[in-house]
Asks: 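Just dropping this structure here.
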Number of protein chains: 2
Amino acid sequence: MNRYNAGFMTSRGQPMKDSRHAVRCSECSVRRLCLPAGLPVEDIDRLERVTRNKRLVKAGETLYRSGDSFHNLYAIRSGSFKTAVIASDGDTQVTHFALPGELLGLDAYSSRTHPSYAEALEDSSICVLPFSQLESLAQEVPALQQQIYSIFSEELRQENEILLLLGKRAANARLAALLVNISSRYARRGYSASRFVLSMPRMDIANYLGLTPETVSRLFKALQKDGLIRVSGREVEVLDLIALSELAGTHCGYDESEIGRRSVSV
Amino acid sequence: MNRYNAGFMTSRGQPMKDSRHAVRCSECSVRRLCLPAGLPVEDIDRLERVTRNKRLVKAGETLYRSGDSFHNLYAIRSGSFKTAVIASDGDTQVTHFALPGELLGLDAYSSRTHPSYAEALEDSSICVLPFSQLESLAQEVPALQQQIYSIFSEELRQENEILLLLGKRAANARLAALLVNISSRYARRGYSASRFVLSMPRMDIANYLGLTPETVSRLFKALQKDGLIRVSGREVEVLDLIALSELAGTHCGYDESEIGRRSVSV
DNA sequence: CGACACATTGATTTACCTCAACCTGTGTGG
DNA sequence: CCACACAGGTTGAGGTAAATCAATGTGTCG
């Protein structure tokens with residue numbers, strides 16, 4: 001698909017086989033960003049019994065729909081998803097773009113029903129985690145319980161950031177923030193921070209940022225004119241990450257050292 | 001202060017004494033909305049050992065500041081709080097208005113540092129919950145662990161609703177949604193759903209809704225002109241909850257039966 | 001009473017939306 | 001191999017909801 005962040009497609013464009021050796025958390029490429037992060041090996045062994053079940057989700061397919069009853073959490077192994085909520089009048093808000101290592105479905109626990117839906121933005125691969133099993137295991141493994149709290153808590157923190165984005169920031173700052181955010185998240189996954197291919201269409205970006213596709217299009221152009229990025233369709237090259245971060249009004253995506261490290265490594 | 005939702009002030013306007021008999025969860029007026037909700041009595045007994053420590057917070061005082069290190073969760077016993085995040089450029093976004101029974105500080109777990117701050121909107125009373133103790137107890141008491149997950153999950157769900165509000169709704173729908181939301185939350189706490197006193201200034205409402213105080217002021221007036229509410233300063237009377245809910249674009253705040261029940265009970 | 005924060009009101013500006021046209025790439029069928 | 005359709009994306013002209021700027025009002029507390 002592309003040479004920067006190709007996800008789970010091989011270089012020949014074939015979907016990766018769900019071969020047995022790739023199924024184990026301890027060998028998963030995103031284990032440091034996912035549920036097993038920081039767990040002692042013996043606990044990872046036990047976690048692997050919960051995460052055995054894998055699934056492929058094709059681009060455009062939904063992993064779960066709004067209203068579906070809640071049984072599982074889903075850990076993204078490769079690819080990407082959008083999550084969105086639907087209001088009673090049909091109005092839809094994209095709430096998150098999820099990347100490998102991230103957990104989907106946490107918002108469904110309390111009502112036992114998914115309040116949002118998750119749709120694959122590209123062909124993706126996920127682990128199915130039966131929550132009852134995860135819950136039992138967490139009851140016995142404090143480190144896992146802590147990791148679950150940590151993931152919940154971090155999601156809350158991030159949502160608050162997005163509230164600030166939507167409530168206080170101008171349109172160009174919102175787009176800049178999204179680009180900085182995606183850039184840093186790709187970087188943590190071993191992809192280039194400065195060159196990547198957005199897996200979502202302009203419409204989803206616009207929806208997520210509370211804007212229209214037209215405005216997003218014009219903003220991409222404006223950022224390019226100012227020399228902060230280069231864009232061609234969904235391909236983005238970040239030319240001035242510092243200026244982009246400043247425009248976004250946040251230095252949270254990176255600490256300075258990381259900016260330096262990443263920009264030379266490309 | 002007012003006869004509708006007086007919080008922890010007595011009828012003579014004196015702050016309630018933190019008398020020993022009010023300290024127990026099992027006798028707390030908001031126990032059905034708080035951490036002990038749904039726990040078997042023997043588990044509530046154990047929970048009470050964690051929730052012994054109480055604190056009064058005066059109007060305008062902060063419970064914790066952005067950057068403070070994380071040790072405790074706080075359960076609101078009476079009064080109300082706003083929580084807000086501060087961007088690196090000083091820009092602030094109010095993220096939540098919290099009422100009795102709700103938990104503050106959950107977003108701090110993952111970083112061990114409070115990413116937001118919490119400020120009392122009126123003289124308030126809270127339980128201090130040392131998180132390490134709560135965590136240990138949850139490890140032994142599955143029902144408590146589930147309750148904690150449930151609270152996390154519900155917060156995530158609500159944040160997504162607010163994203164939709166900020167991303168998709170017009171200004172008047174945002175204010176309507178806030179009023180419906182507050183109305184229903186007061187109702188669940190035994191106060192009137194149709195008459196209440198907002199504990200927050202216009203500025204905080206505006207900030208929360210991603211608007212300016214001027215716009216909020218005009219919107220209150222417009223809602224009054226349309227016969228949906230009556231406003232006088234911070235006093236609000238909801239005249240047409242159904243129309244207000246429709247304007248808000250949500251029927252989530254109430255199910256029909258509840259609207260009927262509440263409106264006759266006033 | 002006077003000071004001060006909060007709130008309202010009015011006049012003007014503007015950032016973004018809306019609507020409509022057009023472009024561009026990709027897949028499809030003749 | 002080309003015509004065509006169609007979805008996603010861009011561009012432009014014009015409109016509007018809400019922001020901004022600037023007074024003015026109102027309640028509260030020392």
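So that the names make sense, note that chain A is the first sequence line, chain B the second, and so on, each numbered from 1.
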Asks: Which nucleotide in the list dA19(D), dC16(C), dA7(C) gets nearest to the side chain of Pro201(B)?
Replies: dA7(C)

Asks: Using the salt bridge (charged side-chain N to carboxylate O under 4.0 Å, His left out) rule, take Arg169(B) and Asp89(A) through it: C-alpha gap first, then chi angles, then the decisive distance, then the call.
Replies: CA-CA 11 Å; Arg169(B) 301 302 192 195; Asp89(A) 63 358; 2.7 Å; yes

Asks: Between Phe220(A) (CZ) and dT11(D) (P), how many Å, whole number?
Replies: 13 Å

Asks: Among dG9(D), dA18(D), dT11(D), which is the nearest nucleotide to the side chain of Glu214(A)?
Replies: dT11(D)

Asks: Among the nucleotides dT8(C), dG9(D), dA19(D), which one has an atom lying closest to any side-chain atom of Arg202(A)?
Replies: dG9(D)

Asks: With a 4.5 Å heavy-atom cut-off, do Leu228(A) and Leu241(A) have their side chains touching?
Replies: no

Asks: Would you call Leu121(B) and Asp204(B) a side-chain contact if the rule is heavy atoms closer than 4.5 Å?
Replies: yes

Asks: dC17(C), OP1 or OP2 - any side-chain N/O from Arg218(A) closer than 4.0 Å?
Replies: no

Asks: Lys225(A) has an atom NZ; how far is it from atom C1' of dT10(D), in whole Å?
Replies: 17 Å

Asks: Using atom CZ of Arg234(A) as one end and atom P of dT26(C) as the other, report the distance to the nearest whole Å.
Replies: 11 Å

Asks: Pick base, sugar-phosphate or nothing for Gly210(B), based on heavy-atom distances below 4.0 Å to the nucleic acid.
Replies: sugar-phosphate

Asks: Going by distance alone, is a donor N or O of one side chain under 3.5 Å from an acceptor N or O of the other, for Glu102(B) and His96(B)?
Replies: yes

Asks: Please tell me if Lys221(B) has a side-chain N or O lying less than 4.0 Å from either OP1 or OP2 of dT8(C).
Replies: no

Asks: Rounded to the nearest Å, what distance is computed from the CE atom of residue Met203(B) to the P atom of nucleotide dT20(D)?
Replies: 13 Å

Asks: Provide, to the nearest angstrom, the distance between the NZ atom belonging to Lys168(B) and the P atom belonging to dA18(D).
Replies: 14 Å

Asks: Within this structure, what is the CG-to-C1' distance between Asn172(A) and dC16(C), rounded to whole angstrom?
Replies: 11 Å

Asks: Calculate the interatomic distance between Asn207(A) atom CG and dC16(C) atom P; express it in whole Å.
Replies: 17 Å

Asks: Out of dT9(C), dT11(D), dC17(C), which has the shortest distance to the side chain of Thr212(A)?
Replies: dC17(C)

Asks: Between Glu159(B) and Asn160(A), is there a side-chain heavy-atom distance shorter than 4.5 Å?
Replies: yes

Asks: How long is the line joining CG of Asp204(B) and P of dA7(C), in whole Å?
Replies: 9 Å

Asks: With a cut-off of less than 4.0 Å, is there a side-chain N or O of Ser217(A) near OP1 or OP2 of dG9(D)?
Replies: no

